[in-house]
Amino acid sequence: MTPTKIIIDTDPGQDDAAAIMLALASPELDVLGITAVAGNVPLALTERNARIVTEICGRADIAVYAGADKPLSRKLVTAEHVHGKTGLDGVDLFEPARAIEELHAVDFIIETLRSEPAGTVTLCPLGPLTNIAMAIERAPDVIGRIKQIVLMGGGFFEGGNITPSAEFNIYVDPEAAKIVFGAGVPITMMPLDVTHKVLTTRVRVERLRANGNRASVVMADMLEFFERFDEEKYGTDGGPLHDPTVIAWLLDPGMFAGRHCNVEIETGSDLTLGATVVDWWKVTGRAENAFVVRDVDADRFFDLLIERLGRL
C-alpha cells in the first residue's frame with residue numbers, strides 16, 4: 001500500500017511531540033515536512049522543538065519550516081502554564097543539528113500541494129490554524145488539491161479548556177479557523193470530546209517507559225510533566241493526550257466514532273470567542289462541513305501509540 005502523504009502543522013507542545021513521534025514511527029505515513037506555527041509557545045520555540053523531536057526520533061532527514069509567528073489579526077496567546085517555558089518541559093533539551101529551512105512554512109505548504117498530485121496530500125494541523133488559513137487565502141487554487149484536513153481543535157459537549165466555551169487551538173486564531181472550516185475541504189475534527197477520553201494514566205506511561213528506547217523514555221518524561229496541570233484541573237489519573245488522535249485517525253480510524261456535522265466558528269463575541277458551534281443534532285439546516293469525532297477506544301489508542309513509539 002502506498003503511504004499517505006502528510007504535512008504536520010504544529011506548535012510543540014508535549015502532545016504535539018507525541019503526534020510527531022507516532023507519525024514518524026508509522027510506515028503507513030509519508031511525512032513530507034513539518035511546519036511550525038506560534039501557539040503553545042512562541043514560534044522561535046515551536047520550530048526548534050519540532051526539530052528536536054525529529055532528531056530524538058532519529059529522523060533529522062525531515063525538514064522543518066517556520067511559519068506564522070502570530071495569529072491573523074489578534075495578539076498571540078500562549079500556554080506555558082501547561083507546557084512549561086520551553087513547550088517541552090520535563091526533559092533536557094538540546095540545540096538541534098539541522099537548521100530550520102529558509103522557505104516559509106506557508107510557501108512550503110502551497111508549493112507542496114501544487115507539486116504533488118491533486119488529492120494526495122493530507123494536512124494535519126495540531127495547533128492554531130494560522131498557517132493553513134494563510135495558504136488557503138494566498139493560493140486558493142490549492143484548496144481543491146488537498147486530500148483532507150485532519151485537525152485537533154474545538155469542543156462541544158465538553159466545553160472549552162482555555163475559556164468555558166473555547167478550546168485553545170481555535171481560540172488562539174478563530175479567524176483562521178473560520179477560513180479553514182469554510183474552505184470546502186474535507187475536514188475531520190478531533191475535539192476535546194474525544195481527546196479527553198485518551199488519558200495518560202500512570203499504567204500507560206509506565207508501559208511506554210518500559211519500551212526502553214530513547215523516544216519512549218523521553219516521551220514518558222514529557223508526559224509526567226505535561227499531565228500534572230490537567231490532573232489538578234480535572235481530577236483525573238493522567239491528562240488528555242490531544243494531538244496524537246490526529247495521527248491515530250489516519251492509522252486506525254476504526255477505533256473512533258463520530259458524525260458529519262456543520263461546524264461554525266465564533267469570532268464576534270468576547271464571551272464565547274473561539275467556540276466551535278457544532279450542529280450535532282442537525283437543528284440548523286446548515287450544510288455539513290466536518291466529520292466530528294466524539295468517541296474512541298482509549299486502550300486501542302494507547303496500544304498503538306506505545307507499540308509504534310517502541311519502534312523508534
Report task. Using a strict cut-off of less than 4.0 Å between a Lys/Arg side-chain nitrogen and an Asp/Glu carboxylate oxygen, indicate whether Asp61 and Arg98 qualify as a salt bridge. Result -> no
**Report entry** Neighbour count >12 (heavy atoms, 6.0 Å) for atom CG, Asp92
**Finding:** no
Query raised in the report: So does Arg51 pair up with Glu55, basic N to acidic O under 4.0 Å?
Result: no
Query raised in the report: What is the ring orientation for His242 with His196, classed by angle as parallel under 30°, tilted 30 to 60°, or perpendicular over 60°?
Result: tilted
Query raised in the report: Is the shortest side-chain N to carboxylate O distance from Asp279 to Arg286 below 4.0 Å?
Result: no
Query raised in the report: So do Phe94 and Ile56 actually touch side chain to side chain, heavy atoms under 4.5 Å?
Result: yes
Query raised in the report: Does Phe301 share a hydrophobic cluster with Leu126, counting links as ILVMFWY side-chain heavy atoms below 4.5 Å and allowing steps through other members?
Result: yes
Query raised in the report: Does one side chain, of Thr46 or Asn49, offer a donor that lies under 3.5 Å from an acceptor on the other?
Result: no
Query raised in the report: Is Leu250 reachable from Leu32 through a run of hydrophobic residues whose side-chain heavy atoms are each under 4.5 Å from the next?
Result: no
Query raised in the report: Quick check: does any side chain N or O of Thr272 sit under 3.5 Å from a backbone N or O of Ala275, one acting as donor and the other as acceptor?
Result: no
Report task. Could you check Glu28 against Arg308 for salt bridge (Lys or Arg N to Asp or Glu O under 4.0 Å), going step by step and ending with a plain yes or no? Result -> CA-CA 11 Å; Glu28 303 94 327; Arg308 291 298 173 91; 2.7 Å; yes
Query raised in the report: Hey, is CD on Glu102 packed in by over 12 heavy atoms from elsewhere, all under 6.0 Å?
Result: no
Requested in this report: State plainly whether the residues Lys197 and Asp295 are in salt-bridge range, i.e. N to O under 4.0 Å.
Outcome: yes
Query raised in the report: Thinking salt bridges, do Arg145 and Glu116 make one under a 4.0 Å N-O criterion?
Result: no
Report task. Please check if atom NZ in Lys70 has more than 12 non-hydrogen atoms from other residues, nucleotides or ligands closer than 6.0 Å. Result -> no
